[in-house]
There are 2 protein chains.
Amino acid sequence: MQLELRVDRSSPVPLYFQLSQQLEAAIEHGTLTPGSLLGNEIELASRLGLSRPTVRQAIQSLVDKGLLVRRRGVGTQVVHSQVKRPLELSSLYDDLEAAGQHPATKVLVNTVVPASPEIAAALGVPEGGDVHRVERLRLAHGEPMAYLCNHLPPGLLDLDTAQLEATGLYRLLRTAGITLHSARQSIGARAATAAEAERLTEDEGAPLLTMRRTTFDDTGRAVEFGDHTYRPSRYSFEFQLLVRP
Amino acid sequence: MQLELRVDRSSPVPLYFQLSQQLEAAIEHGTLTPGSLLGNEIELASRLGLSRPTVRQAIQSLVDKGLLVRRRGVGTQVVHSQVKRPLELSSLYDDLEAAGQHPATKVLVNTVVPASPEIAAALGVPEGGDVHRVERLRLAHGEPMAYLCNHLPPGLLDLDTAQLEATGLYRLLRTAGITLHSARQSIGARAATAAEAERLTEDEGAPLLTMRRTTFDDTGRAVEFGDHTYRPSRYSFEFQLLVRP
DNA sequence: GTAGTCAGATTGTCCGGACATACACATTGA
DNA sequence: TCAATGTGTATGTCCGGACAATCTGACTAC
């Protein structure tokens, strides 16, 4: 069966993007089965009334996502891998919501504090200068799941406690017009201290999963520094890595 | 000062790649300082005797790596972020070697076993069929650091114990002509069992960092399934994530 | 029968150009 | 003074074409 593809030239959406989205949907939906050839670029271009560079741009974006593989002299085929979801800079809140876990947030602290040396270095602000500090408890099904301590540079956005309880920090940042770009993460484990154990209703000495992250926006400016602890019985980090040769 | 760039048309190395490497080196070296404009694409192209698409391809590859930011109507500038290293599908052995930790490996088991349901599903082989099983202890400075249990599909490569002790598994795979493409990882934590504690010279119940990973080659075929436990006092996962909008 | 060779197919690289779009800045208007 | 408007500049998108590099498979020669 021939895959039905078409583009709308009156739409403001770029043609290559229209095409890549349709291809991605076809792969996701199973219309394009793993291992199947995509048909050569020139024929595809003429069938759609597009130029070859445009078709290549569409295909390239899916290759970058790890959905397609190009082979010179052979063609472009769908990878036959079970997992196709791309890696993302994930938000715990969105992850939980997507998994149907009904996340809830309890804001413990929402204030302004002087920056410690470590936080100042991470955020690129002067030591002792003002930074926002937010401590939250993330719950799923009413049970505590993670303790989240975040610091943000001043003047970036208003941190409203009600909003923080209704959604995730990343969504607030995006809503404020900040386009997140990259993050440096460190994931480790350690035994819970007495205070940590109480917050998460675990026993002292119980293993905890820890994550420390600095997030940067598209200008390379640090917009958030987080120090999180998770209950490993309730949460683990899942992601897909792509090799960039 | 004008950045000195030039391309060698007699080289088999693609022009866009020559350019992107020089730009990356200039950024790494500090010749191109964070926040500085790159000069517009058309002028850059004419200066180098290249076409604009070629220059764009070079710049785009660095944008994808997170080194540059494009702004319509403004120009392309170097991100002013502290961390510029891209995310990679890391190999523990290479990581340790790069950090000057003198890694060593002790092969505990190197054999062929029938695939359990879980392993068969991960590797995409028939249940009960033959798979390689390798258990290793990774040491740094003579101290145990991680316990690595891996399964590989049959017929992929010869697993020589001596080679496994001399280098990492990923390097062996690459040497065998396998181009790694992506991996699905899950990172968690748990308390050490008695057996795990003994292997890693920890106490029973001590927190351990766990990682489970399935690695795929460029055709989407699973080439390795690993179940690793790390001593969190000696190791944590560090990586940088890029957002793909 | 096996190895080497050749042709076809397909992606990889590169060109030169055209118009659209968004941002920054200066100008103009209220 | 401040907002709206225009203008220049840079990237974003798209085109049509050309040749090179590489893989597959069939054919040929030994």
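Naming: A, B, ... by sequence-line order, numbering from 1 per chain.
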**Item:** B:Arg56 side chain, from C-beta outward: closest of C:dT11, D:dT13, C:dC15
**Value:** D:dT13
**Item:** Spacing of B:Gln57 atom CD relative to C:dC15 atom C1', expressed in whole Å
**Value:** 12 Å
**Message:** Any residue in residues 12-21 of chain B with a heavy atom nearer than 4.0 angstrom to DNA chain D? Just list them by number, or reply none.
**Reply:** none
**Fill in**
Separation of D:dA10 atom P from B:Leu68 atom CG, nearest Å, is 17 Å
**Asked** CD of A:Gln77 versus C1' of C:dT10: gap in Å, rounded?
**Response** 12 Å
**Request:** Give the intermediate values and the outcome of salt bridge (Lys or Arg N to Asp or Glu O under 4.0 Å) for residues A:Arg212 and A:Glu118.
**Result:** CA-CA 12 Å; A:Arg212 174 167 290 196; A:Glu118 186 183 41; 2.5 Å; yes
**Request:** Tell me which of B:Glu41 and A:Arg52 sits closer to the 5' end of DNA chain D, going by the nucleotide each one is nearest to.
**Result:** B:Glu41
**Request:** Would you kindly give the CD1-to-P distance between A:Ile42 and D:dG17, to the nearest whole Å?
**Result:** 11 Å
**Prompt:** Atom CG of B:Leu38 to atom P of D:dT11: distance rounded to whole Å?
**Reply:** 8 Å
**Asked** Taking atom P of D:dT11 as reference, at what distance in whole Å does atom CG of B:Leu62 sit?
**Response** 14 Å
**Message:** Taking side-chain contact (heavy atoms from CB on, under 4.5 Å) as the criterion, tell me which of A:Thr215, A:Leu169, A:Val223 meets it with A:Leu152.
**Reply:** A:Leu169
**Prompt:** Mapping A:Ile59 and B:Arg9 onto DNA chain C by nearest heavy atom, which one lands closer to the 5' end?
**Reply:** A:Ile59
Under 3.5 Å, side-chain donor or acceptor atoms of residues 68-78 of chain B against the rest of the protein: list the pairs with distances, not counting sequence neighbours.
| unit_1 | atom_1 | unit_2 | atom_2 | d |
| --- | --- | --- | --- | --- |
| B:Arg70 | NH1 | B:Gln60 | OE1 | 2.6 |
| B:Arg70 | NH2 | B:Glu41 | OE2 | 2.5 |

**Request:** Check the pair B:Ser186, A:Glu238 against side-chain hydrogen bond (donor to acceptor under 3.5 Å, both in side chains), reporting the backbone distance first and the verdict last.
**Result:** CA-CA 4 Å; B:Ser186 172; A:Glu238 314 253 345; 3.3 Å; yes
**Request:** Examine distances only and state if a side-chain atom of A:Glu224 and a backbone atom of A:Thr214 form a donor-acceptor pair shorter than 3.5 Å.
**Result:** no
**Message:** Measuring from the side chain of B:Leu50 (C-beta onward, heavy atoms only), which nucleotide among D:dT11, C:dC15, C:dT11 has the closest atom?
**Reply:** C:dC15
**Asked** Minimum heavy-atom separation for B:Phe216 to B:Ala183, with atom names?
**Response** CD1-CA, 4.4 Å
**Prompt:** Is any side-chain N of the basic residue among B:Glu165 and B:Arg136 closer than 4.0 Å to the acidic one's carboxylate O?
**Reply:** no
**Prompt:** Would you say a side-chain N or O of A:Thr76 is under 4.0 Å from OP1 or OP2 of C:dT11?
**Reply:** yes
**Item:** Rounded interatomic separation in angstrom, taking CG from B:Leu37 and P from C:dC23
**Value:** 16 Å
When you compare the protein's N or O atoms with those of nucleotides 22-27 of chain D, which come within less than 3.5 Å of each other, and at what distance?
| unit_1 | atom_1 | unit_2 | atom_2 | d |
| --- | --- | --- | --- | --- |
| D:dC23 | O4' | A:Arg72 | O | 3.0 |

**Complete:** A:Gln60 CD to D:dG12 C1', in whole Å, measures 17 Å
**Message:** What's the separation between atom CG in B:Leu32 and atom CD1 in B:Ile27, rounded to the nearest 0.5 Å?
**Reply:** 5.5 Å
**Request:** Mark yes or no for whether A:Glu135, through its side chain, and A:Asn150, through its backbone, hold a donor-acceptor pair below 3.5 Å.
**Result:** no
**Message:** Below the 4.0 Å mark, does D:dC15 have OP1 or OP2 next to a side-chain nitrogen or oxygen of A:Thr54?
**Reply:** yes
